[in-house]
> 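Structure in structure tokens, see below.
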Amino acid sequence: MLPPRLRFGAFIAPHHPLEENPSLCLHRDMELVEHMDRLGYDEAWIGEHHSAGYETIASPELFIAAAAERTRHIRLGTGVSSLPYHHPLILADRIAQLDHMTRGRVMFGVGPGALSSDAHMMGIPVAAQRERMEEAIDVLIPLLRGETVTRTTDWFTLNEARVQLMPWSRPMVEMTVASLISPSGARAAGKHGLGLLSIQATSKAGFNALASNWAIAEQVAADNGQAMDRSRWRLVGQMHIAETREQALADVRFGLSKWLAYFKDVANLPLVPEGVGDPVEAYLATDSAVVGTPDDAIERIELLARESGGFGAFLLFAHNWANWTATKASYEMIARYVMPHFQQLNVNRVASYEWVKANRPRFGEQSRAAISAAIARHEAEKGGEHIRPGLMDVLAVDKDAIAPKR
């Protein structure tokens, strides 16, 4: 159900409590991407938000341009560009430029916009956001392929429009559509055969929607002469990993309650019932996140694989539940113990170890015989000089039997 090498990455909205220094938060987000690059993660997706003060990156393109200069191999995606907020030609130009600047490491994630408050400030009807996203996708694909587009809608006009740069990535930069619970993202991905980015896959609602949303995408793709590719399906989930479950639970006490308050007060998505005694314990009781050990992470990803039927990448939802030291340690533990399990990195190491272990008597005898022969040759040449007393007894080999004949 999973590919031989499952990809790993992070979905960085990002989330930062209001009392923290915003400049330091931005630099820490950059440091996280650099940390992931050193650890061998495959992808980092950067969000776009303009209100509420908690998700503090307004331009994923600016962040990606800086991150590309500080990293070596990790791919960098907009996670996501809110299409109703941008004229399609301007956005296509920026993505095309990033495609060249990163030598093909950029990915283009798109969505309708997550916060109604963003749309309100720009005078965009919230009810029109998903329709506008679909209209933008219709023209962004040919633009990013270097084609000329003429199109008029009630919110943008394109007159013989084209991007000046032919794409570095052929036929175009990889494009994916965000999906939560509603079918709009899956339908848009299916219509054009794009990738699918399933947010909050470890939550109960997100988990239950996995198989159905993929089925919708496949059906719409078939209706439009397209095909969906599971290797371009990315699942996003909340995890914090430590050496023990007790340590992981203690770690997330640092910031989880503030994160829950944000989702209740601003995102209008209460994750725990009102009036519960301890919101952290109440949230963890929903089993919407993995707070535990590498084994717990492996178990949840395997469950996601069974429920979904298979996907190409698992992305950690960057949440800042733990302090910075514990957060970096969590990413490192996943790289050390979880990624190898799903990437078959140790298959040959284990096989080699077990093979030598099973043949230990044979190889041991060969080694002892070789050493004894060398000692016997020395004795024959030097008359027994410089040989430590009892060495032949330790080797348990009859030196007379292997001594060269005179």
Side-chain angles (χ1 to χ4, degrees), residues 10-29 32 45-58 60 79-80 82 111-121 126 178 180-182 198-209 236-242 245-292 300 315-331:
F11 186 85
I12 304 171
H15 291 99
H16 295 299
L18 299 179
E19 68 271 18
E20 290 198 34
N21 184 322
S23 177
L24 295 181
C25 289
L26 287 169
H27 286 281
R28 195 166 68 237
D29 293 332
L32 175 60
W45 297 77
I46 314 301
E48 175 191 354
H49 302 87
H50 302 279
S51 61
Y54 209 83
E55 300 171 89
T56 52
I57 293 178
V80 294
S82 301
L115 296 178
S116 300
S117 49
D118 287 358
H120 172 78
M121 291 195 302
V126 174
L180 184 52
I181 297 172
S182 78
S198 294
I199 314 296
Q200 293 191 359
T202 52
S203 70
K204 184 176 181 180
F207 177 82
N208 292 337
V236 183
Q238 291 94 301
M239 290 187 177
H240 177 77
I241 303 303
R245 291 180 182 175
E246 293 74 18
Q247 184 60 56
L249 291 169
D251 287 345
V252 301
R253 287 283 179 184
F254 174 82
L256 178 51
S257 60
K258 297 173 184 177
W259 186 84
L260 292 170
Y262 167 74
F263 271 88
K264 176 177 68 74
D265 297 338
V266 174
N268 198 26
L269 185 64
L271 300 177
V272 295
E274 287 281 355
V276 297
D278 185 339
V280 171
E281 290 185 2
Y283 175 70
L284 295 178
T286 67
D287 202 29
S288 296
V290 176
V291 178
R300 181 61 64 88
L315 307 180
L316 298 162
F317 193 102
H319 42 57
N320 288 302
W321 292 349
N323 66 35
W324 182 224
T325 300
T327 295
K328 288 192 294 184
S330 175
Y331 278 82

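We count residues from 1, following the sequence as given. Remember, predicted model here, so these are calculated numbers, not experimental data.
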> Please give me the minimum heavy-atom distance between Leu260 and Pro279, naming the atom from each residue.
CD1-O, 3.5 Å
> Is Glu20 salt-bridged to Arg28, cutoff N-O under 4.0 Å?
yes
> Got a sec: does the CZ of Arg253 have more than 12 other heavy atoms crowding it under 6.0 Å?
yes
> Decide side chain to side chain contact (heavy atoms under 4.5 Å, CB included) for Arg300 and Asp287; before the verdict, give the C-alpha distance in whole Å, the side-chain angles of both, and the deciding distance to 0.1 Å.
CA-CA 10 Å; Arg300 181 61 64 88; Asp287 202 29; 2.7 Å; yes
> Should the ring pair Phe263 and Trp259 be called parallel, tilted or perpendicular, given that the plane angle runs from 0 to 90° and is split at 30 and 60?
tilted
> Look at the side chain of Ser288 and the backbone N and O of Thr202, then say whether any donor-acceptor pair between them is shorter than 3.5 Å.
no
> Please name the pair of heavy atoms, one in Ser117 and one in Ser51, separated by the smallest distance, quoted to 0.1 Å.
OG-OG, 2.5 Å
> With rounding to the nearest 0.5 Å, note down the distance linking NE2 in His240 to CZ in Phe254.
11.0 Å
> Search all heavy atoms of Leu115 against all heavy atoms of Ala52 and return the closest pair with its distance.
CD1-CB, 4.3 Å
> Looking only at heavy atoms, what is the nearest atom pair of Asp251 and Ala242, with distance?
OD2-CB, 3.9 Å
> Indicate the atoms forming the closest heavy-atom contact of Val80 with Ala178, along with that distance.
CG1-CB, 3.9 Å
> If I take atom CG from residue Asp29 and atom OG1 from residue Thr56, how far apart are they, to the nearest 0.5 angstrom?
6.0 Å
> Let's go through Tyr262 and Leu18 carefully: what are the C-alpha distance in whole Å and the side-chain angles of both, what is the deciding distance for side chain to side chain contact (heavy atoms under 4.5 Å, CB included) to 0.1 Å, and is it a yes or a no?
CA-CA 10 Å; Tyr262 167 74; Leu18 299 179; over 6 Å; no
> What are the two closest non-hydrogen atoms of Ala10 and Tyr331, and how far apart are they?
CB-OH, 3.9 Å
> Enter the distance from Trp45:CH2 to Leu315:CG here, rounded to the nearest 0.5 Å.
7.5 Å
> To the nearest 0.5 Å, how far apart are NE2 in His16 and CG in Leu26?
6.5 Å
> Mind running side chain to side chain contact (heavy atoms under 4.5 Å, CB included) on Tyr54 and His49 for me, showing each step along the way?
CA-CA 9 Å; Tyr54 209 83; His49 302 87; over 6 Å; no
> In Å and rounded to the nearest 0.5 Å, what is the CG to CG distance from Leu284 to Asp278?
8.5 Å
> Would Gln238 and Val252 satisfy side chain to side chain contact (heavy atoms under 4.5 Å, CB included), going step by step from the backbone distance to the final call?
CA-CA 12 Å; Gln238 291 94 301; Val252 301; over 6 Å; no
> If you measure from CZ on Phe317 to NE2 on His15, what distance do you get to the nearest 0.5 Å?
4.0 Å
> Could you tell me whether a side-chain N or O of Glu48 sits under 3.5 Å from a main-chain N or O of Ser82, the two making a donor and an acceptor?
yes
